[in-house]
Each structure stands twice: as structure tokens, then as C-alpha cells.
Chemist: 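One structure follows; several queries about it will come next.
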Amino acid sequence: MNTIYLLRHGQTEWNSIGRYQGNTDIPLSEVGIAQARACAEAMTDIHIDRIICSDLSRAKVTAEAILGNRDIPFTVDARLREINFGHWEGLTYDEIQARWPEAVHTMYCSPEKVKISGGESFFEVQHRAWSALEDEMEKAADGETILVVAHGGTNRTLICKMLNLSLHYAWNLSQGNTSISRVDFYGLTENDHNTLSLLNDTKHLANVKIV
């Protein structure tokens with residue numbers, strides 16, 4: 001069994017105003033940096049054997065905060081990027097709703113059925129993200145703990161994969177900024193029983209002012 005922690009990056013300015021960032025490399029805001037520091041402090045006593053993170057700066061800087069002075073393998077992998085929102089990148093929900101009302105509704109109600117205009121489907125995100133995590137697990141010994149630092153959409157698809165859930169339920173899994181989730185992972189055969197033992201833990205943000 002391996003323990004898989006999944007962490008979403010800290011807040012960005014686009015997060016705070018509801019602008020879809022996807023593959024756009026938006027850095028952490030001051031709030032996001034404070035969140036990453038608070039999360040790092042909360043995870044100080046959690047044993048981690050290796051870290052793998054998205055190459056987008058908001059995830060990478062968050063991951064580096066958790067890494068701190070730990071002497072462990074640290075891998076940056078573009079396959080863990082957020083879903084490519086294509087023509088939706090840089091737009092707000094209302095702007096997307098005005099131009100693609102059926103598509104944006106489908107994305108939230110039935111994400112397994114939508115391919116974003118000029119972007120990706122959730123199946124494509126899950127395929128690339130899982131291949132990155134699978135490669136990392138092949139390097140890990142049995143019993144090791146892996147921390148994945150990525151994005152809300154990406155993490156949702158990975159949790160669905162490990163729990164054998166349809167992507168239809170992806171948006172039922174909350175993933176707040178610097179939220180911590182944990183899966184006890186045994187494998188993907190019909191005889192394996194993976195367990196979601198922690199989801200969307202953000203109690204470390206109690207003293208961080210969210211704007």
C-alpha cells in the first residue's frame with residue numbers, strides 16, 4: 001500500500017475574482033503564499049517520501065513550501081497541469097455562460113460528457129495526470145508516501161481514478177485552495193480496495209485572511 005496525499009495550490013488573483021486560469025501560468029497571490037506557508041506548517045509532521053507537482057508556478061511554489069528543507073525526491077511534471085480551458089481561459093463564469101451556456105452547464109453537471117472549446121476533456125486530463133502519478137509510484141517502494149501538488153480539476157480526476165468513480169462525480173469532490181486529501185492506495189484491480197481517508201482538509205487556513 002502507498003499513501004497518496006493530494007494538495008491543491010494556493011490562491012491566485014484569478015481564483016479570487018473567478019477567472020478561469022487552466023493552463024495559464026498565474027502566480028500565487030499574497031494570500032496564496034500565506035496559505036502555502038500555513039499548509040507547510042500543518043504538514044511538518046507528516047512523513048513524505050517523494051513529491052511530484054505540476055510545472056505551473058502556482059503549484060510548484062506551493063510544493064516548494066511543503067518541501068522546505070526535506071531531502072526527498074522532488075519531481076516537476078507538466079502532465080499534472082490543470083485542465084486546458086482552451087477558449088475559456090481568462091474568462092469569468094458569466095462570460096463563459098454567455099457564450100457557451102450549454103457547455104458550461106454540462107461541464108459542472110456531467111463533466112464526463114464535455115470537451116471544452118479549444119481545450120481538453122476531463123478524460124484527457126485524467127489520462128495524462130494518472131500517467132504522471134503512475135510513473136512516480138513505479139519509483140516508490142511499497143509503503144512510501146507520495147505528495148501530489150496540482151490543481152482542483154486535476155486532483156478530482158485522480159481521486160476518481162483511484163476510487164474507481166465515474167468522472168461524472170468529479171465536481172462532487174471539493175478541492176479548496178491548499179486543501180489536503182489522502183488516499184490509501186493498494187492498486188486498481190477488482191480485488192483492491194482504495195480508501196479516501198481525508199478530503200478537502202483546509203483547517204490550517206483558519207488564521208489566513210481570504211480575500
Side-chain angles (χ1 to χ4, degrees), residues 2-83 125 128-130 132-133 135-137 139-140 143-159 162 173-185 196-211:
N2 290 106
T3 301
I4 312 296
Y5 280 92
L6 299 108
L7 177 68
R8 187 187 174 198
H9 61 80
Q11 187 185 89
T12 69
E13 293 294 343
W14 280 20
N15 283 149
S16 64
I17 62 176
R19 198 171 294 282
Y20 284 55
Q21 52 198 356
N23 271 205
T24 307
D25 197 6
I26 305 301
L28 294 180
S29 63
E30 290 185 8
V31 170
I33 292 171
Q35 290 175 332
R37 289 171 178 165
C39 186
E41 183 175 350
M43 297 190 75
T44 297
D45 295 329
I46 296 177
H47 177 79
I48 299 171
D49 292 292
R50 52 184 65 239
I51 297 175
I52 181 171
C53 70
S54 161
D55 67 331
L56 295 177
S57 63
R58 58 189 184 269
K60 186 172 180 285
V61 171
T62 303
E64 288 171 342
I66 308 302
L67 175 66
N69 60 5
R70 303 185 204 224
D71 184 19
I72 59 174
F74 184 91
T75 303
V76 179
D77 197 316
R79 290 176 292 176
L80 289 174
R81 284 187 175 195
E82 180 62 288
I83 186 169
V125 177
R128 61 170 165 79
W130 178 250
L133 179 52
D135 286 350
E136 194 68 21
M137 283 194 288
K139 304 174 190 174
E144 285 193 353
T145 296
I146 301 169
L147 172 64
V148 179
V149 185
H151 309 268
T154 309
N155 287 353
R156 288 179 173 94
T157 69
L158 288 171
I159 293 171
M162 289 187 281
L173 303 168
S174 293
Q175 289 289 287
N177 289 117
T178 68
S179 65
I180 305 167
S181 301
R182 183 178 66 235
V183 175
D184 300 326
F185 182 81
L196 180 65
S197 50
L198 184 68
L199 178 67
N200 196 45
D201 181 7
T202 57
K203 62 179 177 289
H204 53 274
L205 299 182
N207 296 318
V208 178
K209 184 178 179 181
I210 307 299
V211 294

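Along the sequence shown, the residues carry numbers beginning at 1.
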Chemist: Are E41 and R37 ion-paired here, with the side-chain N under 4.0 Å from a carboxylate O?
Modeler: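 Not counted as a salt bridge, because no side-chain N and carboxylate O are separated by less than 4.0 Å.
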
Chemist: Taking all atoms of both residues into account, what is the closest heavy-atom pair of S179 and N200, and its distance?
Modeler: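 Minimum heavy-atom contact is CB-OD1, 3.0 Å.
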
Chemist: Would you say that Q21 contacts R58 through its side chain, given a criterion of any heavy-atom pair below 4.5 Å between the two side chains?
Modeler: yes

Chemist: Could you tell me whether the side chain of P73 reaches within less than 4.5 Å of the side chain of K139, counting heavy atoms only?
Modeler: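 The answer is no, as the side chains (C-beta and beyond) never meet within the 4.5 Å cut-off.
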
Chemist: Is there a donor-acceptor contact under 3.5 Å linking the side chains of Q11 and S16?
Modeler: no

Chemist: For the residue pair T3 and Y5, establish whether any side-chain heavy-atom pair is separated by less than 4.5 Å.
Modeler: yes

Chemist: Under 4.5 Å between any side-chain heavy atoms of I4 and M137, yes or no?
Modeler: yes

Chemist: Please round to the nearest 0.5 Å and tell me the distance separating atom CG of N155 and atom CG of L133.
Modeler: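 The CG atom of L133 is 10.0 Å from CG of N155, to the nearest 0.5 Å.
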
Chemist: Identify which one of I52, I51, I72, I46 satisfies the side chain to side chain contact (heavy atoms under 4.5 Å, CB included) criterion when paired with L147.
Modeler: I51

Chemist: Shortest non-hydrogen contact from A150 to S54?
Modeler: CA-CB, 4.4 Å

Chemist: Would you give the length of the straight line joining atom NZ of K203 to atom CG of L205, rounded to the nearest 0.5 angstrom?
Modeler: 10.5 Å

Chemist: Indicate the atoms forming the closest heavy-atom contact of L56 with N23, along with that distance.
Modeler: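 Taking L56 first and N23 second, the nearest heavy atoms are CD2-O, 3.6 Å.
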
Chemist: Mind checking whether T178 and V208 have side chains closer than 4.5 Å, heavy atoms only?
Modeler: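 In short, these two side chains do not touch, never coming nearer than 4.5 Å.
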
Chemist: Ignoring hydrogens, what is the shortest heavy-atom contact between Q35 and N177? Give both atom names and the distance.
Modeler: OE1-CB, 3.6 Å

Chemist: Is the backbone of S57 close enough, under 3.5 Å, to the side chain of D25 for a donor and an acceptor to pair up by distance?
Modeler: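 Checking the backbone N and O of S57 against the side chain of D25, a donor-acceptor pair under 3.5 Å is found.
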
Chemist: Please step through side-chain contact (heavy atoms from CB on, under 4.5 Å) for the pair R50 and T75, ending with a clear verdict.
Modeler: CA-CA 8 Å; R50 52 184 65 239; T75 303; 5.8 Å; no

Chemist: Checking the side chain of T24 only, and the main-chain atoms of I26 only, is there a donor and an acceptor separated by less than 3.5 Å?
Modeler: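 A pair under 3.5 Å: no.
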
Chemist: Short question: side chain of D201, backbone of S181 - any donor-acceptor pair under 3.5 Å?
Modeler: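 Looks like no, no N/O pair under 3.5 Å.
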
Chemist: Can you tell me how far the SG atom of C53 sits from the NZ atom of K60, to the nearest 0.5 Å?
Modeler: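 Answer for the SG-NZ pair, C53 versus K60, is 7.0 Å.
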
Chemist: Going from CG on L173 to CG on L6, what distance comes out if it is rounded to the nearest 0.5 angstrom?
Modeler: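 The distance works out to 10.5 Å.
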
Chemist: Once you round to the nearest 0.5 Å, how far does CH2 of W130 lie from CG of D135?
Modeler: 10.5 Å

Chemist: Would you say the side-chain atoms of R182 pair up with the backbone N or O of L198, donor to acceptor, closer than 3.5 Å?
Modeler: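 No, because the side chain of R182 does not come within donor-acceptor range (under 3.5 Å) of the backbone of L198.
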
Chemist: Which heavy atom of T154 sits nearest to which heavy atom of A129, and what is that distance?
Modeler: CG2-CB, 3.7 Å

Chemist: R81 versus R128: any side-chain heavy-atom pair under 4.5 Å?
Modeler: yes

Chemist: Is it the case that the side chain of T62 and the backbone of G10 share a donor-acceptor pair, with hydrogens and angles ignored and the cut-off at 3.5 Å?
Modeler: yes

Chemist: Taking the side chain from D49 and the backbone from T145, do they hold a donor-acceptor pair closer than 3.5 Å?
Modeler: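 A pair under 3.5 Å: yes.
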
Chemist: Report yes if the side chains of L199 and S174 come closer than 4.5 Å at any heavy-atom pair, otherwise no.
Modeler: no

Chemist: Within this structure, what is the OG-CG distance for the pair S29 and N15, rounded to the nearest 0.5 Å?
Modeler: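 So the OG of S29 and the CG of N15 are separated by 7.5 Å.
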
Chemist: Would you indicate whether the side-chain heavy atoms of E136 and D77 approach each other to under 4.5 Å?
Modeler: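 No; the side chains remain at least 4.5 Å from each other.
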
Chemist: Of the non-hydrogen atoms in D184 and S197, which two are nearest, and what is the gap between them?
Modeler: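 Reported closest heavy-atom pair: OD2-OG, 3.7 Å.
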
